[in-house]
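Inspection log for the structure reproduced underneath, given as structure tokens.
The sequence lines fix the lettering, A, B, ..., with proteins before strands; numbering per chain opens at 1. If you're wondering where the values come from, they're calculated on a predicted model, not measured in any experiment.
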Amino acid sequence: MTTISKVRYSRRSMLKAGGAAVAAAALPAPMVWGQETKNITLRQFGTGVSNLNDVALKVKEDLGFNLEMTALDTDSVTQRAATQPNSFDIADIEYFICKKVWAAGNLQAMDTSKIAQYDNIAGTFRSGLLTPESTIAQGTAPHTVGFTTGADGTEFVQEESGWMTLIPTIYNADTLGIRPDLIGRPINNWSELLNPEFKGKASILDISSIGIMDMALVVESMGEYTYPDKGNMTKEEIDLTLGIFTEAKKNGQFRAFWKSFDESVNLMASGEVVIQSMWSPAITAVRSQGIPCVYQPLEEGYRSWGGGLGLSASLSGMELDAAYEYINWYLSGWVGGYLMRQGYYSAVPSTSKEFMSEDEWGYWYEGKESKGDIVSPTGAKLAGPGEVRDGGSFLDRMGSVVCWNSVMDENQYMVRKWNEFIAA
Amino acid sequence: MRNKSVIGWLLAAPLSLVLLVFLVAPIVMIVVVSFWGATEWSIYPAFLFDNYEFLLTSDVTYRVFLNTFKYAFITWVFTLLIGFTVAYYLAFHIRTLTWQIALFLLCTIPFLTSNIIRMISWIPFLGRNGIANSTLISMGVIDEPLEWLLFSDFSVILAFVHLYTLFMVVPIFNTMMRIDKSLIEAAADAGATGWQTLWHVIIPLTKPGIMIGTIFVVALVMGDFITVRFMSGSQSANMGRLIQNDIALLQYPSASATAVILLVTVLILIGTLLRFVDIRKEL
């Protein structure tokens, strides 16, 4: 792990530290820097799924500096990363957002030689291959936008160049969430989302880059059309996909659309909706209220996504060192264990394992039967002894991924059509 | 003489400056940006008609426009009926000024909380398994939960009426309080019935209040996006929602173009309303 030892200044640390920094510049002494670290505040923003106060508290405890968290919905995250570069130090964003905003130049590439756990980062984020035999799913796979040419790189490169755009932290395979008690029969296909049986009781998320992929899976499952590449549709394919869903919407298939994670929890827990696009911790949240909710594995496979930490281009000097230290700490296992217990996968599974009990590791990662109660990071009971995770082991779930959240070449057209779908 | 005009200019300057900086400049900016182009992450200066072309050639825009007017009109009808009745009761049926003020303040109590909270609290109430449905079922009025109570036009308009009725009550009550009571006595002496007095005396004299309330309600409903989003479960849209979606997707020029069209529409509407009543003369 790197420590803050280099004597460099940024304008901000100078202003913040004030006189102390001036004195320190005249008489550089190591203990002053230990003190200095405490005055550093890193501002991080991201979606509610991983911007957790527990993480900020643990950072203060382990590393001594302050971490300010702002949780926003996915679109607002994109907006901030693209338009307000001075409002953050660390961006906790998804890879498809990275594809959208990297060209804006608000993020800086990261030197992988400074990342202690780089060699242990899952293959998905480096070569793109989960196992050496895997095929790469359609869409914006993380490794395709994970590397750039150098410190000031603006283009993505397809090989491990030593400069990462985001340091991967979490990923998962998403599917439909269902209320088994209100449906009462097995659900095995994406096409069930548009099954008239669930008229007025279905929902889809109103985030275009993610929603369009769920739609594509439904359209393929219905047998309406097979896309050459779901992750990069033509205008005609976009029209077709949104056309099918607009018709379903007009027929009253959907109860509501959701945009933020807690909305999906409320829709499901209140019984307004019995089948919908959902994220893993939302299932956890519904279950911890004692309401049955299944993250249903489907025959056609999963839609996947990955997230990571990006550094603001304006970060330099001691803050930059602190940011690297924070990222190294992030990958060192405590956060990974926390996120795994919410149903995500950590990008460095080997370190997370050390922060989980054998039973937890078996349940969440290996898909084994639990021996005792499985509890969420906040202590709510999620499963009793003898239960198995929905979808099974890591390899079963991530091995069945058929597409990633995407930004397409025709993204602007898609966005406009999406807007029309929401307004239709 | 010259001195006086200088003083006049100076007196008008602070307000003009404030309006210039905080009203005129932003609007000019919006109009300018509405002709710009956008990439996925940035906007660039240009003089393009693309944004307007896309907007005005899409039939979705027209449907959304129609929807916006529909919400505004229905909300206006209900807020006017309720607002007028409440104001009438307060102004003519409550005898003492103390009680009038007390009851008027009572009307404003719900407005001490955030309007988002007032709106969202309808959601658990109207839901499929909410209080309204479970009460109706236990009373035996219905067998199945009513689906249209929530995430429908009904819930959107209900929330609008709930949120904005006070904006109708206040100006109407205000003008009613200034109606000379002897006019009503004169009408009674001349043999007018209660309805005749209402129609021929009170309503004409309350017109400015009604008009101000109308402007408030129409402008608020037409510019709203959050009520429509939450109460329709994102199923319905008005112009505000289009703008919000565009902004969320970083399409600022397109959002600006929609905003310009909305602004022009509202201005035309209010301009038309003001033709009927000269507010300045009657205030």
Side-chain angles (χ1 to χ4, degrees), chain A residues 72-83 97-106 182 199-201 203-209 246 249-250 252-259 263 266-267 269-274 407-409 411-424, chain B residues 37-43 50-51 54-55 58-68 120 123-130 133 145 147-152 155 225 228-255 258:
Chain A
L72 301 164
D73 68 59
T74 307
D75 285 336
S76 312
V77 165
T78 315
Q79 205 178 340
R80 185 177 278 210
T83 61
I97 298 176
C98 178
K99 183 173 180 181
K100 267 190 195 174
V101 303
W102 184 259
N106 296 337
L182 298 178
K199 188 176 167 188
K201 294 178 179 176
S203 174
I204 193 167
L205 76 178
D206 175 15
I207 301 169
S208 55
S209 293
T246 305
K249 185 188 172 190
K250 285 186 177 155
Q253 181 71 10
F254 301 108
R255 183 64 168 158
F257 299 135
W258 61 266
K259 205 156 193 162
E263 284 178 279
N266 291 338
L267 286 172
S270 64
E272 296 294 339
V273 161
V274 299
V407 177
M408 311 177 178
D409 294 343
N411 188 52
Q412 270 187 300
Y413 181 79
M414 195 275 282
V415 158
R416 287 190 149 161
K417 285 286 161 184
W418 183 271
N419 207 352
E420 289 191 352
F421 162 67
I422 294 300
Chain B
T39 65
E40 275 160 44
W41 66 87
S42 66
I43 55 178
D50 291 18
N51 302 310
F54 195 88
L55 202 62
S58 162
D59 63 324
V60 172
T61 311
Y62 294 99
R63 265 184 282 134
V64 169
F65 240 105
L66 212 64
N67 217 24
T68 312
I120 287 180
I123 294 177
F125 182 81
L126 296 172
R128 185 175 285 139
N129 305 310
N133 269 321
E147 301 277 323
W148 52 264
L149 282 184
L150 184 60
F151 300 140
S152 58
S155 56
F225 64 95
V228 175
R229 155 143 154 67
F230 279 110
M231 297 311 288
S232 77
S234 295
Q235 297 283 294
S236 307
N238 62 352
M239 297 303 277
R241 282 276 289 147
L242 280 192
I243 297 172
Q244 187 206 13
N245 285 341
D246 274 336
I247 290 176
L249 300 164
L250 295 174
Q251 303 298 309
Y252 291 97
S254 163
T258 317

Q. Of the backbone (N, CA, C, O) and the side chain (C-beta and beyond), which part of A:Thr74 lies under 4.5 Å from a heavy atom of chain B, both, or neither?
A. neither
(Q) Counting only non-hydrogen atoms closer than 4.5 Å, does A:Leu267 touch chain B with its backbone (N, CA, C, O), its side chain (CB onward), both, or neither? (A) side chain
**Q.** Smallest separation among heavy atoms of A:Asp206 and B:Arg241, with atom names
**A.** OD2-NH2, 4.1 Å
Q) Looking only at heavy atoms, which two atoms of A:Ala423 and B:Ala237 are closest? And how far apart? A) CA-CB, 3.5 Å
Q. Where on A:Val77 is there a heavy atom nearer than 4.5 Å to chain B: the side chain, the backbone, both, or neither?
A. neither
(Q) For the CD1 atom of A:Ile422 and the OG atom of B:Ser236, what is their distance to the nearest 0.5 Å? (A) 11.0 Å
**Q.** Toward chain B, the part of A:Ser76 with a non-hydrogen atom under 4.5 Å
**A.** neither
**Q.** chain B interface, residue from A:Gly271, A:Ala103, A:Ala82 that has the most non-hydrogen pairs under 4.5 Å
**A.** A:Ala103
Q. Looking at A:Glu420, A:Lys259, A:Lys249, A:Arg255, which has the largest count of heavy-atom pairs under 4.5 Å with chain B?
A. A:Arg255
Q.
Taking side chain as everything from C-beta outward and backbone as N, CA, C, O, which of these in B:Asn238 sits under 4.5 Å from a heavy atom of chain A? Side chain, backbone, both or neither.
A. neither
Q: Below 4.5 Å from any heavy atom of chain A, which atoms of B:Leu242 appear? Answer side chain, backbone, both or neither.
A: both
Q) Is B:Asn129 reaching over with its side chain to a backbone N or O of A:Ser270, donor-acceptor style, under 3.5 angstrom? A) yes
Q. Measuring heavy-atom distances to chain B, does A:Lys250 have an atom under 4.5 Å in its side chain, in its backbone, in both, or in neither?
A. side chain
Q) For the atom pair OG (B:Ser58) and CG (A:Asn419), what is the distance rounded to the nearest 0.5 Å? A) 9.5 Å
Q.
side chain to side chain contact (heavy atoms under 4.5 Å, CB included) for A:Phe421 and B:Val60? Distances and angles first, verdict last.
A. CA-CA 9 Å; A:Phe421 162 67; B:Val60 172; over 6 Å; no
Q. Using non-hydrogen atoms only, which part of B:Ile247 is less than 4.5 Å away from chain A: side chain, backbone, both, or neither?
A. both
Q) Just how far is it from atom CZ of A:Phe257 to atom CD of B:Gln235, taken to the nearest 0.5 Å? A) 4.5 Å
Q: Answer yes or no: is there a side-chain heavy-atom contact under 4.5 Å between B:Tyr252 and A:Thr83?
A: yes
Q | Over all atoms of both residues, closest heavy-atom pair of B:Ser254 and A:Arg416 | A | CB-NH2, 3.8 Å
(Q) Whether the side chain of A:Gln79 engages the backbone of B:Leu250 through a donor-acceptor N/O pair (distance < 3.5 Å, no angle test) should be reported. (A) no
Q. Are A:Glu263 and B:Arg229 ion-paired here, with the side-chain N under 4.0 Å from a carboxylate O?
A. yes
Q | Separation of A:Gln412 CD from B:Gln251 CD (nearest 0.5 Å) | A | 4.5 Å
Q | Engaged part of B:Leu150 at the chain A interface, taking heavy atoms whose separation is under 4.5 Å | A | both
